[in-house]
Amino acid sequence: MAALIRELTYAADEGDVKVAVIVGESFASGGDWGCRYDIRWPDGGESGTVYGVDAIQAVELTFRTIGALIYTSDAHRSGNLFWEKPGHGYGFPVPNTIRDLLIGDDARFFG
């Protein structure tokens with residue numbers, strides 16, 4: 001699996017800024033599996049590694065982690081962050097405890 005990339009858009013006063021969300025290839029790590037992610041915010045990057053019992057769980061938990069980081073970000077709270085259309089969500093699930101933050105299609109599909 002090659003790296004997966006989704007570009008979100010942040011509507012800044014100076015114009016639109018791309019926010020790249022990158023999900024790396026899963027990898028074996030001892031008895032577990034890991035998956036790296038990187039969110040390239042306009043004001044700096046945020047990256048980490050999420051682990052699961054197998055490759056699929058590592059990727060699925062990485063998507064939820066990314067969703068949680070996006071939905072709890074200042075960019076989301078500003079209302080200026082979007083994927084395809086403003087207010088339609090970002091295409092990432094979130095942990096059950098913050099589903100109330102979901103908007104648009106994300107609320108419809110993941111809520």
Side-chain angles (χ1 to χ4, degrees):
M1 173 178 101
L4 306 173
I5 301 171
R6 170 163 294 159
E7 281 193 339
L8 307 179
T9 302
Y10 180 76
D13 292 337
E14 331 53 74
D16 289 351
V17 178
K18 295 298 179 191
V19 177
V21 179
I22 303 163
V23 177
E25 188 171 341
S26 57
F27 58 90
S29 177
D32 296 321
W33 284 77
C35 185
R36 292 204 38 81
Y37 68 87
D38 186 25
I39 304 174
R40 296 184 182 162
W41 299 107
D43 59 353
E46 185 168 5
S47 62
T49 304
V50 179
Y51 293 90
V53 298
D54 62 17
I56 291 174
Q57 186 183 43
V59 171
E60 192 268 335
L61 292 174
T62 299
F63 286 163
R64 289 184 184 278
T65 299
I66 291 168
L69 291 169
I70 290 170
Y71 272 100
T72 59
S73 71
D74 290 339
H76 167 73
R77 283 190 291 274
S78 75
N80 294 333
L81 185 67
F82 63 94
W83 176 26
E84 294 179 315
K85 298 179 198 173
H88 282 245
Y90 313 107
F92 289 100
V94 298
N96 296 346
T97 55
I98 61 169
R99 282 189 180 164
D100 59 309
L101 299 178
L102 294 172
I103 60 172
D105 290 337
D106 289 353
R108 196 168 122 218
F109 296 119
F110 305 125

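What's counted below: heavy atoms across the whole structure, side chains too, no hydrogens, waters or symmetry copies.
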Should [X] and [Y] be regarded as members of a common hydrophobic cluster, given that ILVMFWY residues are connected when their side-chain heavy atoms come within less than 4.5 Å of each other, either directly or indirectly?
X	Y	result
I39	L61	yes
V21	L4	yes
I22	F92	no
V94	F82	no
I5	F63	no

Quick one: side-chain hydrogen bond (donor to acceptor under 3.5 Å, both in side chains) partners of D74, sequence neighbours excluded?
R77
Less than 4.5 Å apart, side chain to side chain, heavy atoms only: is that true for [X] and [Y]?
X	Y	result
H76	I103	yes
R36	F27	yes
I66	Y90	no
Y71	L102	yes
V59	W33	no

Heavy-atom donor-acceptor pair, S29 side chain to D32 backbone, under 3.5 Å:
no
Is a side-chain donor or acceptor of D105 paired with a backbone partner of G89 at a separation under 3.5 angstrom?
no
Under 3.5 Å donor-acceptor pairs involving side-chain atoms of residues 8-19, not counting sequence neighbours:
residue, atom, partner, partner atom, Å
T9, OG1, K18, NZ, 3.2

Pairs touching residues 35-58 that satisfy ring-ring contact (aromatic ring centres under 6.0 Å, His included), sequence neighbours left out
none
Does atom CZ of R40 have more than 12 heavy-atom neighbours, drawn from other residues, nucleotides or ligands, at distances under 6.0 Å?
no
Around I98, counting heavy atoms of other residues, nucleotides and ligands shown, do more than 12 lie under 6.0 Å from its CD1?
yes
Which pair of non-hydrogen atoms, one from D38 and one from S47, has the smallest distance, and what is that distance?
OD1-CB, 3.7 Å
